[in-house]
Amino acid sequence: MLPNEIYDKLKTEFGDAVIEFDNKQPTDSFIVINTENLFDICHTLRDKNEFLFDYLMCLSGMDLGENVGVVYHLYSMTHKHKLVLKVTAPKTDPRVPSVEMIWRTADWHEREAYDLIGIQFEGHRNLIRILCPYDWEGHPLRKDYEAPEYYHDMKVSY
Amino acid sequence: MGLLDRLDDPYEGGGIILGKVEDLLNWGRSKSDWYLHFGLACCAIEFMAMNASHFDFMRFGTIPRTSPRQADFIMVTGTVTFKMADRIKILYEQMAEPKYVISVGSCSNCGGPYWEHGYHVLKGVDRIIPVDVYIPGCPPRPEAFEEGMMLLQKKISHQAIFNKRKRLESEV
């Protein structure tokens with residue numbers, strides 16, 4: 001099934017929760033969805049027989065300036081079709097529902113996005129840092145991040 | 001006639017070699033260095049080639065150890081992140097004296113490509129532990145590893161064991 005067909009089906013099922021379909025970019029066409037309905041839509045995409053997205057290929061965090069964003073690359077082993085989902089959340093309150101319960105792959109990916117961008121995944125059962133040390137301060141891949149001067153008495157930059 | 005040939009014939013050579021005990025000890029120390037391998041990045045991949053049969057690192061008398069307590073020197077191969085720096089320091093402190101450090105590659109020598117924007121990288125492992133031999137390269141070729149190892153052996157074989165303080169004073 002093509003992304004625009006999936007978009008039409010989701011639109012009839014979820015209505016306003018599915019915000020827009022974009023195929024004008026040079027990359028894969030994607031569907032922007034409402035952040036609050038993310039869990040239900042992902043659950044439908046995984047379990048409904050016509051979609052069967054059983055594989056989360058990648059989950060990435062983005063810093064968009066005012067907002068933070070999360071991108072989900074899905075794949076169906078049965079139907080051999082792909083889909084890209086995007087959600088955004090304001091940087092002041094970067095909360096996004098976790099899909100860790102739906103795809104176990106999302107466990108580490110969400111921890112990474114939390115570690116480096118600072119997105120709070122609600123419903124994640126073990127949302128702790130994965131790359132940086134546990135006592136690291138800040139989220140390094142944010143555009144406004146400034147490296148500390150010292151870490152454990154070791155000078156960071158010279 | 002070689003040294004060992006003379007030892008074989010007790011009547012001609014008398015089974016006696018004249019020399020300094022220090023030289024003998026240093027000869028033994030420099031020719032059997034066991035190392036704690038700290039593979040952190042792509043330099044460790046190059047080190048695998050060094051360990052394989054073509055370059056054969058073990059002919060220097062080196063044996064890889066997984067415990068710092070059995071190791072004579074520590075080989076830091078790769079990018080030292082701050083997360084790892086704490087652990088390197090702990091492992092270095094667990095090693096028994098005398099202990100040596102070889103720093104391999106640009107990253108562990110000085111931070112390498114992470115010098116400018118590496119918020120997470122220690123700019124040189126010599127900022128936390130003393131380094132004896134630096135091997136430059138990104139990553140170094142196995143020949144460079146060989147030269148570094150020979151430099152370490154040279155350093156060990158010229159070290160003072162007895163009357164260290166007295167000899168150091170005379171040098172000053």
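Lettering of chains follows the sequences in order, A, B, ..., and the numbering in each one begins at 1. Note that the structure is predicted; figures quoted are calculated from it, not measured.
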Engineer: So for atom NZ, which belongs to B:Lys31, do other residues, nucleotides or ligands contribute more than 12 heavy atoms lying within a distance under 6.0 Å?
Structural biologist: yes
Engineer: Which donor-acceptor pairs lie under 3.5 Å between chain B and chain A?
Structural biologist:
unit_1: B:Lys83; atom_1: NZ; unit_2: A:Leu131; atom_2: O; d: 3.0
unit_1: B:Asp86; atom_1: OD2; unit_2: A:His152; atom_2: ND1; d: 2.9
unit_1: B:Lys123; atom_1: NZ; unit_2: A:Val156; atom_2: O; d: 2.8
unit_1: B:Arg127; atom_1: NH1; unit_2: A:Tyr158; atom_2: OH; d: 3.4

Engineer: Honestly curious: do A:Ile6 and A:Leu38 fall in one hydrophobic cluster under the side-chain, below-4.5 Å linking rule?
Structural biologist: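 A:Ile6 and A:Leu38: one cluster.
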Engineer: Are B:Ile161 and B:Tyr100 linked, directly or through other ILVMFWY residues, by side chains that come within less than 4.5 angstrom of each other?
Structural biologist: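 Different clusters.
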Engineer: Are A:Val71 and A:Leu45 connected into the same hydrophobic cluster when the rule is that any two of I, L, V, M, F, W, Y join if their side-chain heavy atoms are below 4.5 Å apart?
Structural biologist: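 Different clusters: A:Leu45 never reaches A:Val71 through Ile, Leu, Val, Met, Phe, Trp or Tyr contacts under 4.5 Å.
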Engineer: Check for me, please, whether A:Phe53 and A:Val32 land in the same ILVMFWY cluster - side-chain distances under 4.5 Å, paths through other members count.
Structural biologist: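 In one cluster: no.
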Engineer: For the hydrophobic clusters of this structure (ILVMFWY residues joined by side-chain heavy atoms under 4.5 Å, transitively), does one cluster hold both B:Met84 and B:Ile102?
Structural biologist: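 No, it is not one cluster - the side chains of B:Met84 and B:Ile102 are not joined through contacts under 4.5 Å.
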